[in-house]
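Please read the structure below before turning to the comments.
What you see is a predicted model; the values in this text were computed from it and never measured.
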There are 2 protein chains.
Amino acid sequence: MPFTYEYPRAALTVDCVVFGFDEGELKVLLIRRDLAPFKGKWALPGGFVNLDETLEQAALRELREETGVNDVYLEQLYTFGDVHRDPRERIVSVAYYALVALGRHTLQASTDAADAAWFCVSELPSLAFDHHKIVATAIQRLKGKVRYQPIGFELLPERFTLSQLQHLYEAILERPLDKRNFRKKILGMDLLVETDEIEQDVAHRAARLYRFDEAKYRRLVKRGFNFEI
Amino acid sequence: MPFTYEYPRAALTVDCVVFGFDEGELKVLLIRRDLAPFKGKWALPGGFVNLDETLEQAALRELREETGVNDVYLEQLYTFGDVHRDPRERIVSVAYYALVALGRHTLQASTDAADAAWFCVSELPSLAFDHHKIVATAIQRLKGKVRYQPIGFELLPERFTLSQLQHLYEAILERPLDKRNFRKKILGMDLLVETDEIEQDVAHRAARLYRFDEAKYRRLVKRGFNFEI
DNA sequence: CCAAAAGTGTTTCACGTACACCCATGC
DNA sequence: GCATGGGTGTACGTGAAACACTTTTGG
């Protein structure tokens with residue numbers, strides 16, 4: 001049962017910054033801790049890494065166990081290793097960030113005992129450990145990456161309007177974009193395919209729905225294409 | 001002496017990809033292992049993380065101990081956690097990459113017992129563990145980052161010619177650059193200051209030496225300036 | 001008919017790119 | 001005087017940015 005080593009070892013965890021997009025706002029999924037330390041505080045989903053799983057597998061497992069989130073875009077973010085980031089003992093945490101499409105992907109924001117909730121990135125509560133720093137790093141990374149990789153689509157349902165896409169970019173980049181220039185650019189890349197559906201149940205003219213052609217994107221990348229907003 | 005835990009723990013190491021630039025070629029510093037496993041093979045400098053030091057401190061310490069490198073640009077790269085990346089037991093490694101100016105910085109490529117040597121990135125020997133993957137990740141990162149952050153200067157002496165700088169970019173980006181356009185762009189940013197010195201001991205017209213004005217760069221960044229090559 | 005968002009082109013300007021010759025120096 | 005790299009300017013085309021009105025639909 002106990003495990004003994006010649007030298008002391010840090011504990012190893014993974015933490016996940018799960019991004020969602022809803023009502024024109026970028027959101028982060030947090031869970032309320034039901035154990036000390038920081039009992040009752042909001043924190044990132046995460047936990048200890050098992051020895052028979054990779055770091056990414058650990059992140060996916062924790063996401064599933066703690067939030068019910070299953071099919072997501074996941075990418076390693078940064079490893080946080082300050083000596084006193086956990087008050088109990090030395091814990092090094094490999095942080096990941098995930099993008100989920102609220103709407104599709106049927107996620108239950110609560111599965112285990114503890115409750116989970118979405119927060120606007122601009123109105124985060126006080127967080128446990130150094131999780132504020134982790135979230136800030138994730139936002140910065142997302143902001144940088146979204147401009148030269150087509151990862152924004154991971155935050156939208158499979159079919160979406162051009163306005164939804166524009167509002168998503170505006171939320172992530174934190175600046176307004178010109179409608180005509182945005183459409184010209186994104187349609188000019190020839191990566192969106194027009195579906196024959198339109199928005200439903202809106203109190204104004206319904207917009208056309210598009211989907212991202214990932215297969216085509218991959219083909220273009222092989223020929224040196226660079227996505228860029 | 002022995003340390004006991006309730007659950008098994010992975011060991012935690014840091015590994016460093018140290019880049020240098022010499023004779024128009026991008027180089028990586030490797031050390032020859034004098035212990036099993038992979039005894040006699042070339043590997044990245046690195047080692048176990050102590051519990052009273054941060055990850056970055058561990059990386060700097062290992063660099064000092066194993067290569068004599070002291071004053072460097074250091075940045076976390078990625079954390080490698082495949083289950084069997086070390087044949088002995090589960091070891092998770094936080095990789096860093098460093099940029100050093102060969103020429104200045106008085107580095108002795110060998111300090112400890114094991115010998116160390118510089119290798120062109122295009123002619124690397126077979127490496128221990130998954131270190132090839134780590135080097136590949138580092139090259140990719142450097143290639144991406146050098147275009148929008150002025151980190152190239154870390155690989156040059158304090159005073160350098162515009163041709164040296166151009167050759168550095170050509171080596172990292174793996175493509176030729178136009179001399180006039182390169183000079184126009186880099187001088188147009190107004191971040192290089194012309195010194196009153198010129199190259200010495202060259203068998204042709206001596207080039208002017210410049211230095212990078214880091215203080216000015218920082219000031220410009222605060223006003224929204226973006227470096228870009 | 002009013003509110004709300006969808007959809008659509010043109011002009012301007014900055015910047016990226018392509019390109020060739022003379023100059024200074026050491027041998 | 002010759003070999004070697006240093007240093008310099010212009011013309012062209014592409015793409016970013018600014019900008020306003022008409023259309024469709026539901027209430």
If the condition is salt bridge (Lys or Arg N to Asp or Glu O under 4.0 Å), which residues does [X] pass it with, not counting sequence neighbours?
X: Lys184(A); value: none
X: Asp178(A); value: none
X: Asp22(A); value: none
X: Arg208(B); value: Glu194(B)

> Between the side chains of Thr54(B) and Asp82(A), does any donor sit under 3.5 Å from an acceptor?
Replying inline: no
For [X], what residues pass the side-chain hydrogen bond (donor to acceptor under 3.5 Å, both in side chains) criterion, not counting sequence neighbours?
X: Glu170(A); answer: Gln166(A)
X: Lys41(A); answer: Ser126(A)
X: Tyr73(A); answer: Glu75(A)

>> Quick check on contacts: within residues 219-229 of chain A, what sits under 4.0 Å from DNA chain C by heavy-atom distance?
In response: none
>> Against Leu99(B), only a single residue in Val72(B), Val146(B), Leu156(B), Leu142(B) fulfils side chain to side chain contact (heavy atoms under 4.5 Å, CB included); can you say which?
In response: Leu142(B)
> Val92(B) pairs by side chain to side chain contact (heavy atoms under 4.5 Å, CB included) with which of Thr79(A), Val92(A), Val49(A), Leu55(A)?
Replying inline: Leu55(A)
> Are Glu174(B) and Lys143(B) within salt-bridge range, i.e. N to O under 4.0 Å?
Replying inline: yes
>> Can you measure Leu162(A) atom CG to dA6(C) atom C1' for me and round it to whole angstrom units?
In response: 10 Å
> Thr161(B) near the nucleic acid: base, sugar-phosphate alone, or nothing, with a heavy-atom cut-off under 4.0 Å?
Replying inline: nothing
>> I want to know whether Tyr78(B) and Phe80(B) have ring centres closer than 6.0 Å.
In response: yes
Distances under 3.5 Å only, N/O to N/O: pair up the protein atoms with those of nucleotides 23-27 of chain C.
none

Can you give the donor-acceptor pairs under 3.5 Å from side chains of residues 197-207 of chain B to other protein atoms, not counting sequence neighbours?
{"residue": "Glu197(B)", "atom": "OE2", "partner": "Arg159(B)", "partner atom": "NH1", "Å": "2.5"}
{"residue": "Glu199(B)", "atom": "OE1", "partner": "Ala207(B)", "partner atom": "N", "Å": "2.9"}
{"residue": "Gln200(B)", "atom": "NE2", "partner": "Ile198(B)", "partner atom": "O", "Å": "3.1"}

> What is the 5' to 3' range of DNA chain D, first to last nucleotide, that sits under 4.0 Å from any heavy atom of chain B?
Replying inline: dT4(D) to dT10(D)
> Does any residue of residues 177-194 of chain B have a heavy atom under 4.0 Å from DNA chain D, and if so, which ones, in number order?
Replying inline: Lys179(B), Arg180(B), Arg183(B), Lys184(B)
